[in-house]
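What you see is a predicted model; the values in this text were computed from it and never measured.
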Amino acid sequence: MKIVIQRVKHAQVSIDQQLYSRIEQGLLLLVGVGPEDSQEDMDYAVRKIVNMRIFSDAEDKMNLSVQDIGGEILSISQFTLHADTKKGNRPAFTGAAKPDMASPFYDKFNQLLAEQVPVKTGVFGADMQVELVNDGPVTILLDTKNR
């Protein structure tokens, strides 16, 4: 799994010019599933995300997790994180899992997150418009194959 984690003041996703999901303070996740991803990758990512201390405490130190602040997560599927840009100018997406594997994997990932933190999502495979106010900015790249 490749996941872009952004600390946000708020974020939302729209589909066909209609607001679909919105969160206040928390994390926006852009989630790319690879064909070799396993339950172990999923468990690792969930554990890292819910416990990652990237929110400021009373002394303005990044010491608090999304759980600690009572934050929310907006999780968006993003197969383009697996783009291969080595050849030419058109990225190849053969490194991304096929939808029949990626969609249920992404759903299960969100279910596991939701057991610990409120989670909202976009729609797998939809053309989505994502808006956010990045807080900091704080943006972290998580690759479960590169621990």
Return the minimal non-hydrogen interatomic distance between [X] and [Y], and the atom names on each side.
X	Y	value
Phe109	Ile49	CZ-CD1, 3.8 Å
Ala45	Met1	CB-SD, 4.2 Å
Thr85	Pro91	CG2-CB, 4.3 Å
Leu81	Val4	CD2-CG2, 3.7 Å
Val66	Gly26	CG2-CA, 4.2 Å
Ala83	Phe93	CB-CE2, 3.5 Å

Rounded to the nearest 0.5 Å, how far does [atom2] of [Y] lie from [atom1] of [X]?
X	Y	atom1	atom2	result
Thr144	Lys48	OG1	NZ	12.0 Å
Arg47	Met52	CZ	CE	11.5 Å
Thr121	Gln111	OG1	CD	10.5 Å
His10	Glu131	NE2	CD	9.0 Å

Heavy atoms, side chains only, cut-off 4.5 Å: are [X] and [Y] in contact?
X	Y	answer
Asp43	Leu112	yes
His82	Thr94	no
Phe55	Leu27	yes
Thr80	Leu30	no
Glu40	Tyr44	no
Leu132	Gln6	yes
Met128	Tyr20	no
Gln12	Lys120	no

Should [X] and [Y] count as an ion pair when the cut-off is N to O under 4.0 Å?
X	Y	result
Arg22	Glu72	no
Asp41	Arg147	yes
Arg53	Asp68	no

Do [X] and [Y] share a hydrophobic cluster, counting only Ile, Leu, Val, Met, Phe, Trp and Tyr and linking them when any side-chain heavy atoms are less than 4.5 Å apart?
X	Y	answer
Ile76	Phe124	no
Val119	Ile140	yes
Leu142	Met42	yes
Met101	Phe79	no
Ile3	Leu141	no

For the side chain of [X] and the backbone of [Y], is there at least one donor-acceptor N/O pair under 3.5 Å apart?
X	Y	result
Ser21	Val13	no
Asp16	Gln18	no
Arg7	Asp135	yes
Tyr106	Pro99	no
Asn110	Asp107	no

Tell me whether [X] at atom [atom1] has more than 12 heavy atoms from other residues, nucleotides or ligands lying less than 6.0 Å away.
X	atom1	value
Gln129	CD	yes
Gln39	CD	yes
Lys9	NZ	no

Among Ile73, Leu28, Leu74, which residue satisfies the side chain to side chain contact (heavy atoms under 4.5 Å, CB included) criterion with Ile23? Leu74
How about Ser56 and Asn63: does a side-chain donor come under 3.5 Å of a side-chain acceptor? no
How about Ser65 and Asn51: does a side-chain donor come under 3.5 Å of a side-chain acceptor? no
